[in-house]
Amino acid sequence: MLRVNNVKANISADENRLRELVARKLKIKPEDIITLNIKRRSLDARKKDDIHYVYSFDAGCKKESEILKKHKKSGDVKISDTKEFCFEINASHRIKERPVIIGSGPAGLFCGLFLAEAGYKPIIIERGESIDDRKKTLENFWSGKKLNPESNAQFGEGGAGTFSDGKLNTLVKDKNGIMTRVLKEFVRFGADESILYDAKPHLGTDVLSVIIKNIRNSILSCGGEIRFNTRFSSFEEKPDGNYVYFDNGDYLKTDALILAIGHSARDTIEYLYKTGLKISAKPFAVGFRVEHPQDMINKAAYGENSIANLPVATYKLTAKTTSGRGVYSFCMCPGGYVVNASSEEGRTAINGMSYSARDGKNANSAIIITVTPDDFGGKEPLNGILFQRKLEELAYRAGGGNIPQQLYGDFKNSVISASYGRYESEIKGHAQFANLRGILPDELGKAFIEGMEHFGKIIDGFNRDDAILSAIESRTSSPVRIERDENFTASKKWIYPCGEGAGYAGGITSAAMDGIKTAQAIANRFRP
């Protein structure tokens, strides 16, 4: 199999045209290509009059060794290096008590899926509701009803990533083919095959909801179990084994407790810290979500004359301020919505969300500023949580329980906005104009402005006065790390910290990858 890189193609090129282009690159006839699979596709829009896709292919051809000799000086043709991850059971002894997984976000679900299909019959504990019930609860909250602290945009089947854009790109290296395996699992359970090769794959909350249910059904069909509306409360080590207790009075005995708790399970983190598990503070980022018209972002990316079949435009922006702080865009949602993602009463947190079509009127992203333990009172492990809560309480008071908003020009002048400018907010939940300058510490507010002004030089209009700011984006990643060793275990060797909440992932794909790695660690230790 040959890997063929840097094949340029028109936006509308069909399968036959792609085969012709690959054959031309290889200097062979199209009929000499036996199999052809897209490995990567990225959009090149650097020249607005020449927007095209750049492909990499895996091509099975006649006389491959002869083709390689012809291209030995070219970096664009080589042997394919595709890696396939294989889940293996290399254990020395059997597991007696079923694994218990706390949390059904991507880390918990993928850990549960791989353990279930290997015969371990895991039990997944989820404090929130199943996906369909969770969506109803969220719609009620967004329409003005009371927050459910146990089931919301953070807690419930699918985890926090369910109500986001569903982006699947990650910076984690795919040394063992695990990332590719994650994407293939998503396709197996309902995603479009394009996520296997698109440079910026995404699912959307509507597609994610279907996939999550399909994964759940697979776990159940293999003898696994999922208990919703059940919150982990404590654990205990006894002479006859390890016990896990829940808020409804139930308990389970287990040989492996997987903590896939998510980045917002603050009460659980506080409990774990009290038990003596080693937990450390880590840097994260906070800021505001910023909305612009999607047409403006498309124009900046593609120019005045848009081409048919182009995807809605995205962006990724970074800046380093004069104070040395990093400011960057995070979780960019093209054609998306700002959503009230609160999970604690009296505290407001927000996120961005897109459906698979990405057909909303606005683009939004979090423009966030890095913070370190020095910003929130030193390296005491739970200080980052206290810092987040303080910001969320200020946001709640500013908006009277609604999402507080302000136009960027008014933010710079510290004036409460009176109305939207030339476009309105696309929002899930209720909003109220407020002065956001009092929410972030002054140094962070200044860094935010400096970042916005810099981004305005990159994307025309990004720093427009009527850009809509919403507060507060505080859940960008976990503020702690639950320490684990090379065997993925904490100081108590039957406990496995896992995923984003434990500080080992940042997004859907990396969390799912960590779930698989944790399942593999358990399989290396126990046989089912």
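Numbers for residues simply follow the sequence, beginning at 1.
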Apply the test side chain to side chain donor-acceptor pair (under 3.5 Å) to residues Gln405 and Ser417: give CA-CA distance (whole Å), side-chain angles for both, the deciding distance (0.1 Å), then the verdict. CA-CA 8 Å; Gln405 292 188 325; Ser417 302; over 6 Å; no
Do any N or O atoms from the side chain of Asp247 and from the backbone of Arg231 form a donor-acceptor pair under 3.5 angstrom? yes
Can you tell me which residue among Arg216, Arg127, Lys213 is in a salt bridge (charged side-chain N to carboxylate O under 4.0 Å, His left out) with Glu157? Arg216
Please report, to 0.1 Å, the donor-acceptor pairs under 3.5 Å made by any side chain of residues 367-374, with sequence neighbours excluded.
| unit_1 | atom_1 | unit_2 | atom_2 | d |
| --- | --- | --- | --- | --- |
| Thr370 | OG1 | Gly326 | N | 3.4 |
| Thr372 | OG1 | Asp374 | N | 3.4 |

Taking CD in Glu453 as the centre, count heavy atoms belonging to other residues, nucleotides or ligands within less than 6.0 Å. Is the count above 12? yes
Check: Ser342/Asn152 side-chain N/O donor and acceptor closer than 3.5 Å: no
Between the side chains of Asn364 and Glu291, does any donor sit under 3.5 Å from an acceptor? no
In this structure, is the centre-to-centre distance between the rings of Tyr315 and Phe455 below 6.0 Å? no
Would you call Pro293 and Arg464 a side-chain contact if the rule is heavy atoms closer than 4.5 Å? yes
Kindly confirm or rule out a cation-pi arrangement of Arg40 over Tyr197, judged by NZ or CZ under 6.0 Å from the six-membered ring centre and within 45° of its axis? no
Could you tell me whether a side-chain N or O of Ser151 sits under 3.5 Å from a main-chain N or O of Asn148, the two making a donor and an acceptor? no
Passes salt bridge (Lys or Arg N to Asp or Glu O under 4.0 Å), Asp132 versus Lys136? Steps please. CA-CA 7 Å; Asp132 289 333; Lys136 293 175 184 176; over 6 Å; no
Taking the six-membered ring of Tyr496 (Phe, Tyr or Trp), confirm whether the NZ or CZ of Arg484 is under 6.0 Å from its centre and within 45° of its axis. no
Is a donor from one side chain sitting under 3.5 angstrom from an acceptor on the other, for Ser194 and Asp192? yes
Output yes when a side-chain donor or acceptor of His292 lies under 3.5 Å from a complementary backbone atom of Phe462, and no otherwise. yes
Taking 4.0 angstrom as the limit, do Asp174 and Arg181 come out as a salt bridge? no
Is any side-chain heavy atom of Phe186 closer than 4.5 Å to one of Val182? yes
Quick one about Arg475 and Ser343 (side-chain donor to acceptor, distance below 3.5 Å, no hydrogens or angles considered), yes or no? yes
Are Glu225 and Val100 close enough that some pair of their side-chain heavy atoms sits under 4.5 Å apart? no
Assess whether side chain to side chain donor-acceptor pair (under 3.5 Å) is satisfied between Asp206 and Ser356, documenting all intermediate values. CA-CA 6 Å; Asp206 48 339; Ser356 57; 2.9 Å; yes
How about Glu129 and Thr137: does a side-chain donor come under 3.5 Å of a side-chain acceptor? yes
Should the pair Asp295-Lys299 be classified as a salt bridge under the 4.0 Å nitrogen-to-oxygen rule? no
Which pair of heavy atoms, one from Asn351 and one from Ser164, lies closest together, and at what distance? ND2-CB, 4.1 Å
Which is it for Phe411 and Ile449 under the side chain to side chain contact (heavy atoms under 4.5 Å, CB included) test, yes or no, and what are the steps along the way? CA-CA 9 Å; Phe411 178 82; Ile449 293 173; 3.7 Å; yes
Using only atom types and a distance under 3.5 Å, with no angle test, would you say the side chain of Ser233 pairs donor to acceptor with the backbone of Tyr245? yes
Parallel, tilted or perpendicular: ring planes of Trp142 versus Phe163, cut at 30 and 60 degrees: perpendicular
Validation row, ring centre Phe288 to ring centre Tyr408 under 6.0 Å: no
So, Tyr420 versus Phe433, ring centres under 6.0 angstrom or not? yes
Is the shortest heavy-atom distance from the side chain of Ile11 to the side chain of Ile51 under 4.5 Å? yes
Glu473 (side chain) donor-acceptor with Arg289 (main chain) under 3.5 angstrom: no
Is there a donor-acceptor contact under 3.5 Å linking the side chains of Ser478 and Glu500? no
Student check: side-chain heavy atoms of Met179 and Thr170 closer than 4.5 Å: yes
Could you give me the CA-CA distance, side-chain angles and deciding distance for Lys200 and Asp198, then say whether salt bridge (Lys or Arg N to Asp or Glu O under 4.0 Å) is met? CA-CA 5 Å; Lys200 298 178 180 179; Asp198 269 336; over 6 Å; no
May I ask you to decide if the ring planes of Phe232 and Phe246 are parallel, tilted or perpendicular, using 30° and 60° as cut-offs? perpendicular
With ring centroids as reference points, do Tyr271 and Phe235 lie under 6.0 angstrom apart? yes
Gly499 backbone acceptor or donor facing Asp514 side chain under 3.5 Å: yes
Main-chain N/O of Ser474 paired to Gln388 side chain as donor or acceptor, under 3.5 Å: yes
Quick one: do Thr348 and Glu392 satisfy side chain to side chain donor-acceptor pair (under 3.5 Å)? Show the steps, please. CA-CA 5 Å; Thr348 296; Glu392 292 170 14; over 6 Å; no
Short question: side chain of Thr205, backbone of Thr162 - any donor-acceptor pair under 3.5 Å? yes
Verdict with reasoning, Thr230 to Glu126, per side chain to side chain donor-acceptor pair (under 3.5 Å): CA-CA 6 Å; Thr230 304; Glu126 172 54 58; over 6 Å; no
Could you tell me whether the side chains of Gln294 and Asn362 share a donor-acceptor contact shorter than 3.5 Å? no
Less than 6.0 angstrom from the centroid, inside 45 degrees of the normal: does Arg347 satisfy that with respect to the ring of Tyr396? no
Is there side-chain contact between Phe488 and Lys517, with heavy atoms separated by less than 4.5 Å? yes
